[in-house]
Undergrad: 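The structure's right below; bear with me while I get my questions together.
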Amino acid sequence: MALRLFESLSRELRELKPSQPDGVFRFYNCGPTVYAPAHIGNFRTFVVNDVIRRLLELEYGAAKVKHVRNLTDVDDRTIGQAKKEGRPLGEITKHWTALFHEDCAALNCLRPTAEPTATGYIKEQVNMIEVLMEKGHAYRAADGSVYFKLDSFPGYGGLSRIKERELKVTVFAADADHKDSVSDFALWKAYKPEEDGSVKWSGPGGVGEGRPGWHIECSAMSKSILGDTIDLHTGGVDLLFPHHENEIAQSQCCNGTTFAHHWYHSEHLLVNGTTMSKSKGNYYTLRDLLAKGYSAMAVRYALLSGHPRKQLNFTLDGMHAAESALKTLRSFRAALGSQGGDATVFDPVFAALHDDLNTPGALGALFTLVNRGPAGLDAAAFDRVLFALGLKLDVAEAPKADIPAAVAALAEKRWAAKQAKDFAAADALRKEIAAAGWTMLDRKDGYSLEPAKKP
RNA sequence: GGCGCGGUAGCCAAGUGGUAAGGCCGAGGUCUGCAAAACCUCUAUGCGCCGGUUCAAUUCCGGCCCGCGCCUCCA
């Protein structure tokens with residue numbers, strides 16, 4: 001079943017398939033900048049990309065999918081954060097990288113097959129800049145920075161249709177500094193001691209010390225690991241311009257060939273009807289939601305509950321809905337056991353996923369099956385669906401917080417009262433436990449305590 | 001100003017030229033000392049508004065209203 005995905009350059013649905021004879025699918029996904037916690041808006045993109053990865057693996061086999069997701073560990077923001085905290089850059093980026101990995105694992109995202117860092121590929125970036133300079137696509141400015149010469153690439157703007165736009169020139173006219181043209185973007189930023197501290201590398205030939213500009217890293221890492229031409233390049237819509245536009249310019253001018261056959265962009269996650277972003281400070285992190293008693297799997301589910309190419313407004317109601325839906329899937333999966341059966345009934349679920357990654361449609365199709373009951377359904381096929389969506393049902397629903405001794409004591413008393421059939425006392429104790437923020441769940445042979453959901 | 005996306009039940013959200021998937025919430029029921037869980041049943045004559053095309057439009061076309069994003073920090 002072919003996987004069709006919207007393609008941002010041609011603006012049409014196109015089939016995803018390896019373009020090279022080795023049958024390897026080359027997939028580059030722009031990763032996070034590690035200077036602060038990634039918020040769930042960031043994770044929407046990574047979760048969506050994880051589903052793409054999973055579908056590709058099901059289609060071509062895990063060994064045939066090369067999935068690269070970079071870490072931006074040197075740029076204005078990472079350097080700024082290091083300076084603000086008075087700590088070495090590497091310490092900051094290491095810290096946030098570790099937390100990013102934790103969150104990815106909690107959200108059940110497969111590890112990329114390679115996860116290069118910008119600082120690990122300085123030489124490759126410098127090499128590309130040198131080639132661009134030799135070919136006349138880049139120039140050294142008076143201050144020692146190197147800029148890409150936009151005029152030299154006639155194809156510029158194809159992705160973002162920048163040429164069709166009337167630019168608000170006033171915004172960046174002041175930023176012209178040393179550039180030939182205001183639209184030229186930096187490939188190499190000259191070292192500025194007061195801003196960069198100890199962060200510097202030796203630059204391209206004939207250029208002084210400094211650090212790479214933001215855009216060149218992805219071009220260089222993609223080229224080094226996947227080659228000059230890749231099959232799929234993805235990221236959030238906000239990267240479409242200028243980041244991806246610039247990547248195309250750099251890579252194609254340097255390599256003289258098509259950079260990516262397929263571009264795909266996932267839409268923003270909104271909160272209260274507006275974009276979730278670090279600069280606005282209006283974001284949730286995974287940690288925030290775990291602290292409220294929600295499970296990471298429910299976060300993943302919530303992120304998949306809207307079409308990836310449509311803005312999705314994130315709400316706690318949505319989290320609640322996700323948690324409940326997962327509960328249904330969990331108990332359904334348990335009812336399935338290891339029975340064999342009809343696997344083809346799940347075709348509509350995959351059909352939805354293969355049709356431009358329609359995750360809400362797939363979830364709808366899944367529940368349509370669930371509502372018919374487990375009779376005759378193939379458990380392994382059900383698990384394949386869950387694998388594709390990356391939903392793990394066997395994980396603990398919520399982190400088991402430590403139960404305060406006082407609450408535990410109340411629970412013991414209530415259980416005793418119940419055994420003694422003193423139901424009035426038992427009910428009163430249930431209320432006390434609830435007031436303490438806990439919910440007591442009775443079973444035939446005992447009970448358990450769970451933290452009550454916080455609003 | 002330019003470019004783009006969207007407006008479907010209380011909330012979220014698919015979808016189709018032929019009469020509205022699914023999730024949540026809610027209601028009723030089975031079960032249960034209570035609560036929870038589990039399971040069953042019900043819940044949009046309607047798809048922003050106004051026109052047009054059509055045998056038939058939520059689905060196509062035009063206009064309008066509203067919301068959001070992007071236009072060099074951004075997943």
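The figures here come from the full heavy-atom set of this structure, side chains too, leaving out hydrogens, waters and symmetry mates. Proteins come first, then strands; the chains are lettered A, B, ... in the order of their sequence lines, and each starts at number 1.
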Undergrad: How are the rings of F46(A) and F100(A) set relative to one another: parallel (under 30°), tilted (30 to 60°) or perpendicular (over 60°)?
TA: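 Because their plane-to-plane angle is over 60°, the rings of F46(A) and F100(A) count as perpendicular.
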
Undergrad: Mind checking the P distance from A9(B) to G15(B)? Whole angstroms is fine.
TA: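 That atom pair is separated by 16 Å.
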
Undergrad: Would you say the side-chain atoms of E412(A) and Y447(A) include a donor-acceptor pair closer than 3.5 Å?
TA: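 Yes, because at least one side-chain N or O of E412(A) sits under 3.5 Å from a partner of the opposite role on Y447(A).
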
Undergrad: Expressed in whole Å, how much space separates the P atoms belonging to G51(B) and A57(B)?
TA: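 Pairwise P distance, G51(B) against A57(B), rounds to 13 Å.
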
Undergrad: Say you pick atom C1' in C40(B) and the same atom in C12(B); how far apart are they, in whole Å?
TA: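 Those two atoms are separated by 24 Å.
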
Undergrad: What is the separation between atom NZ on K310(A) and atom P on C5(B), rounded to the nearest whole Å?
TA: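 Answer to the nearest Å: 13 Å.
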
Undergrad: Round to the nearest Å and state the distance from M276(A) atom CE to C73(B) atom C1'.
TA: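 Interatomic distance, CE of M276(A) to C1' of C73(B): 18 Å.
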
Undergrad: Does T275(A) offer a backbone N or O that forms a donor-acceptor pair with the side chain of Y283(A) under 3.5 Å?
TA: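 Judged by distance alone, no pair lies under 3.5 Å.
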
Undergrad: Choose from C25(B), U72(B), C70(B) the nucleotide whose nearest atom is closest to any side-chain atom of T275(A).
TA: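 Side chain of T275(A) sits closest to C70(B).
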
Undergrad: Let me spell it out: for each of L363(A) and G318(A), pick the nucleotide of RNA chain B with the closest heavy atom. Which residue's pick is nearer the 5' end?
TA: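 That would be G318(A).
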
Undergrad: Quantified in whole Å, what is the C1' atom distance between nucleotide G48(B) and nucleotide U8(B)?
TA: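 These two C1' atoms come out 10 Å apart once rounded.
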
Undergrad: Expressed as a whole number of angstroms, how long is the span from H307(A):NE2 to C12(B):C1'?
TA: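 Rounding to the nearest Å, NE2 of H307(A) and C1' of C12(B) are 16 Å apart.
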
Undergrad: Take atom CD of E267(A) and atom C1' of G6(B), then tell me their distance rounded to the nearest Å.
TA: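 In whole Å, G6(B) C1' and E267(A) CD are 10 Å from each other.
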
Undergrad: Rounded to the Å, how far apart are M440(A) CE and A36(B) P?
TA: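 M440(A) atom CE is separated from A36(B) atom P by 15 Å.
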
Undergrad: I want to confirm an ordering. Mapping G373(A) and L150(A) to their closest nucleotides on RNA chain B, which one lands closer to the 5' end?
TA: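 This one resolves to G373(A).
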
Undergrad: Counting N and O atoms only, with roles assigned by atom type, does the side chain of H307(A) sit under 3.5 Å from a partner on the main chain of N358(A), one being a donor and the other an acceptor?
TA: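 Checked: no pair found.
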
Undergrad: Would you mind reading off the distance between L270(A) atom CG and G67(B) atom P, rounded to a whole angstrom?
TA: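 Going from L270(A) (CG) to G67(B) (P), I get 14 Å.
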
Undergrad: Could you give the OH-to-P distance, from Y284(A) to A75(B), as a whole number of Å?
TA: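 In whole Å, A75(B) P lies 20 Å from Y284(A) OH.
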
Undergrad: Does the ring of F423(A) lie flat against the base of G33(B), closer than 5.5 Å centre to centre with planes under 30°?
TA: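 Stacked: centres under 5.5 Å apart, planes under 30°.
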
Undergrad: Distance check, P atoms only: A21(B) and A44(B), in whole angstrom units.
TA: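 Comparing P positions in A21(B) and A44(B) gives a spacing of 11 Å.
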
Undergrad: Nearest whole Å is fine: how far is G23(B) P from L326(A) CG?
TA: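 After rounding, the reported distance stands at 13 Å.
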
Undergrad: Just name whichever nucleotide pairs with G33(B), Watson-Crick or G-U, keeping both distances under 3.5 Å, else none.
TA: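 The answer is none; no pair meets the criterion.
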
Undergrad: Quick check with a 6.0 Å cut-off and a 45 degree axis cone: is R333(A) positioned over the face of F382(A)'s six-membered ring?
TA: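 Checked: cation-pi criterion not met.
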
Undergrad: What distance, rounded to whole Å, do you find between the two C1' atoms, one in C70(B) and one in C64(B)?
TA: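 Approximately 24 Å lies between the C1' atom of C70(B) and that of C64(B).
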
Undergrad: Between G67(B) and C55(B), how far apart are the two P atoms, rounded to whole Å?
TA: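 These two P atoms come out 38 Å apart once rounded.
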
